[in-house]
Structures are given as structure tokens and as C-alpha cells.
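Accompanying notes for the structure given below.
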2 protein chains.
Amino acid sequence: MPQTHPATPAESLIAAQGGRITRTRVAVLEVLLAAEQSLTHDEIGAALDDKGIKHDRVTLYRTLDWLVESGVAHKMAGDDRARRFGVAASGPHEHAHFHCDRCGKVVCLEGLQPAVAVNLPGGYQLDRAELVLHGACPTCGKGA
Amino acid sequence: MPQTHPATPAESLIAAQGGRITRTRVAVLEVLLAAEQSLTHDEIGAALDDKGIKHDRVTLYRTLDWLVESGVAHKMAGDDRARRFGVAASGPHEHAHFHCDRCGKVVCLEGLQPAVAVNLPGGYQLDRAELVLHGACPTCGKGA
DNA sequence: GGCGAAAATGCTACTATGTTGCACAATCAT
DNA sequence: ATGATTGTGCAACATAGTAGCATTTTCGCC
Ligand SMILES: [Mn+2]
Ligand SMILES: [Mn+2]
Ligand SMILES: [Zn+2]
Ligand SMILES: [Zn+2]
């Protein structure tokens, strides 16, 4: 019993990539779209639980992989051992990130990507630049 | 039976950080100093095996952690799930890196760190910037 | 609306990477 | 040389991610 007509933003995004609109994908994407920061697999899983969306750990991994491969979401490595995921509201993943070294939060800094006018040594072929700023977020920086 | 007098570069580096000069530390540091690229825990372990240096997996983790905490080495997260370690010949870790998306190699680009003249949004407090360039290394870029 | 091929999901098991606790061994200032 | 301090080795544990495969869901098509 799927309601047919008005496609939500999440649904549109998925369809635009030629993917099937499924419970998990829609829910995950909604979580990411609503998130202020990049989220780990676990955090997303917890958010799905909160929404009452039953899901499997592995499916969630695969869903996130699909979102990244489709260019809808992006994945960040992170100093701790967890990858973080997020959606850039505006198009592809062409922006810097801020990583709070105290609380570990990662936020997208949309609209700023530095002119990386670096001269690469030899036959290196540049595809893209990834810039991560480290420091303290507003919340954590209070005491400093 | 440790030979006493002429301290090797590795030994000096270790001593300069107030650490004890041990078989594992010296060997690991020599491996890192000789390496062209950043190396994973496993690669370093294999290099130790080649050198005939008996070692324990956990000790290697702890040795690498110590080197990083001491500021002698640096750690990179990496898209695959392995951290890579390297020493910056010249002082602390203030340089960009190049990550080959085809073979996964990571090399330090010493002497280039971009002026990150980004204007941070709110109360963000910047400590350092981390720049990773992605693309193809000279070896992998041949066919393109 | 029902059919069926293609795609996604849910299991179970497995791998890879990193950690913890603790007994024992090596280092180095004295 | 001695002994407090630091580092090592081992075994067990923890966490993050992957693989294979049977079952279910989606969606274009009639
Ligand atoms: Mn982002
Ligand atoms: Mn480096
Ligand atoms: Zn913070
Ligand atoms: Zn390469």
C-alpha cells in the first residue's frame, strides 16, 4: 500500500539516480537530509530505529554505499574508526568539511572550497581535492 | 648486547622525544624513514618480518601510536579501512598528501600547504587544515 | 490490477582492524 | 649492578565492514 502521487524530496533524489524507491533508502536519505552533521552508520541505524523503520545492518551498509556511488551522499574517513555520511543539499560533494577534534562532529562547509593552486610534483593527475579543517566546534570551543 | 656509541637517525629521533630505544621502535622508524609512501600497519609489519625483526601485532599498534603521539609520525585515515603512517622528514606534519584512487598509495607532498583563507561560519576555531589531493599517481596514470 | 524480471533485503557467517588486561622482559638513571 | 619505569608478548575481546545466498519487493509491461 504505497501512496502513489506526490514524490517527496528523498524519493525524487533516489529516482533521479535510477534507483528503486525503497523503505530503507527513503528513510536513510530523510535522516541524512535532516541531519546537521555527517552521521556514522550506527547513528543512522539508531535514527531509523527511532523512526520505527525496521532494517538490517548489512542493508544499511549497502544503502549507504549506493548513495555514495550514486553521488547523492558522501563518505568521510574520520580519525576514529567510523565513516561518516552526509548529503550536500546543493549538488555534488564539492566542499570542505570541519571536524571538531573534541566531540568528533563533522559538518559540511558548503560554498567554500579553496583554490588548490598547488603544483603537483611529477606525473600526478589531480581529480579532486579534499579539505578538512580541524579544530573546535562552537559548542566545544566555549571554554577556550 | 646493544652497540653503544653512534646513535642512528632513528635512535636520535626516538631519544629526542624522551622515549626508550627499543628494537621495535628503531626498526619501525627505519622502515618509515625509508618508505616512499605512507604505510599501513600490515605493510610495516611485513617490512619488519623482512628485516627479521620479531614483533607482536599489538606492540606494533602501540609503537605506531607512540610515534604519532610524539609527533614523529603521522596517521592518515584513508578511504579503505586502514590507517597509513609516515614520517615527515622535515619536522612536524604540516603538508598535504596525495592519494592515488587507483592503487591506494598515499604520498606526502612536502613543502606545499595551501593558504586556507576560508572564512569559517560561526564560532568555529581552526587548529589545522588537512588537504588530501585525489587522483592518479604517475604509475597508475599511464593509461589515461 | 496482475506478471515476472531485476533489484533490494535479511540472514548467517566471516574478515579485517584495532583494543584491553595482565604477566613478563628490557631499558636506563643511579 | 640494581631496581623503578617503560615496553613487549600473548590471549581474549571489540568494532566496523563484507560475502553468499535465499526470500521479498519494486516497477515496467500487458
Ligand atoms: Mn560534505
Ligand atoms: Mn605526511
Ligand atoms: Zn565539538
Ligand atoms: Zn597509483
Review point. In residues 16-27 of chain B, which residues come under 4.0 Å of DNA chain C by heavy atom?
Key: B/R20, B/I21
Review point. Which residues satisfy the salt bridge (Lys or Arg N to Asp or Glu O under 4.0 Å) test with A/D101, sequence neighbours excluded?
Key: B/R128
Review point. Think A/T63 has a side-chain N or O under 4.0 angstrom from the OP1 or OP2 of C/dT9?
Key: yes
**Study point:** Pairs touching residues 39-48 of chain B that satisfy side chain to side chain donor-acceptor pair (under 3.5 Å), sequence neighbours left out
**Key:** B/T40-B/E43
**Study point:** Partner set under side chain to side chain contact (heavy atoms under 4.5 Å, CB included) for B/A136, not counting sequence neighbours
**Key:** A/Q125, B/R102
Review point. Which residues satisfy the ring-ring contact (aromatic ring centres under 6.0 Å, His included) test with B/H55, sequence neighbours excluded?
Key: none
Revision key, fill the gap. For B/F98, the ring-ring contact (aromatic ring centres under 6.0 Å, His included) test, sequence neighbours excluded, returns A/Y124
Practice item. Send over the distance from B/D80 CG to D/dA16 P, rounded to a whole Å. Key: 17 Å
Practice item. Determine: side-chain N/O of B/R83 to OP1/OP2 of C/dG18, distance under 4.0 Å, yes or no. Key: yes
Check your understanding: Is there side-chain contact between B/V72 and B/L32, with heavy atoms separated by less than 4.5 Å?
Key -> no
Check your understanding: Whole-Å distance between C/dA8 P and A/L67 CG?
Key -> 11 Å
Revision key, fill the gap. Sequence neighbours excluded, the answer for side chain to side chain contact (heavy atoms under 4.5 Å, CB included) partners of B/D127 is none
Exercise for review: Please collect all side chain to side chain donor-acceptor pair (under 3.5 Å) contacts where either partner lies in residues 77-87 of chain B, sequence neighbours excluded, each pair once.
Suggested key: B/D80-B/R84
Point to revise | Interatomic distance, B/I14 CD1 vs D/dG7 P [rounded to whole Å] | key: 10 Å
Point to revise | Atom-pair distance (CG on A/D65; P on C/dA7), nearest Å | key: 17 Å
Exercise for review: Could you state the atom-to-atom distance from CZ of A/R62 to P of D/dA16 in whole Å?
Suggested key: 19 Å
Point to revise | First of B/H41 and A/W66 reached from the 5' end of DNA chain C, by closest nucleotide | key: A/W66
Check your understanding: Among all residues two or more places apart in sequence or in another chain, which pass the side chain to side chain contact (heavy atoms under 4.5 Å, CB included) test with B/A27?
Key -> B/L48, B/I53
**Study point:** Among C/dC11, D/dG17, D/dT8, the one nearest B/R81 by side-chain distance
**Key:** D/dG17
Check your understanding: So what is the end-to-end bend of the helix from C/dG1-D/dC30 to C/dT30-D/dA1, with 5 pairs used at each end and the value given to 10 degrees?
Key -> 40°
Check your understanding: Tell me, which of residues 43-61 of chain B have any heavy atom that sits under 4.0 Å from an atom in DNA chain C?
Key -> B/R57, B/V58, B/Y61
**Study point:** Atom-to-atom span, CD of A/E69 to P of D/dT18 - whole angstrom
**Key:** 11 Å
Check your understanding: Between A/V31 and A/F85, is any pair of side-chain heavy atoms under 4.5 Å apart?
Key -> no
**Study point:** Euclidean distance, atom CZ of residue A/R84 to atom P of D/dA16 [Å, nearest integer]
**Key:** 10 Å
Point to revise | A/C140/A/K105 under side-chain contact (heavy atoms from CB on, under 4.5 Å): CA gap, chis, key distance, verdict | key: CA-CA 10 Å; A/C140 294; A/K105 283 194 198 312; over 6 Å; no
Check your understanding: Which residue pairs pass the side chain to side chain donor-acceptor pair (under 3.5 Å) test when at least one of the two sits in residues 14-34 of chain A, sequence neighbours left out?
Key -> A/E30-A/K51
Study note, to complete from the structure: From CG of A/D79 across to P of C/dT19 the rounded distance in Å is 12 Å
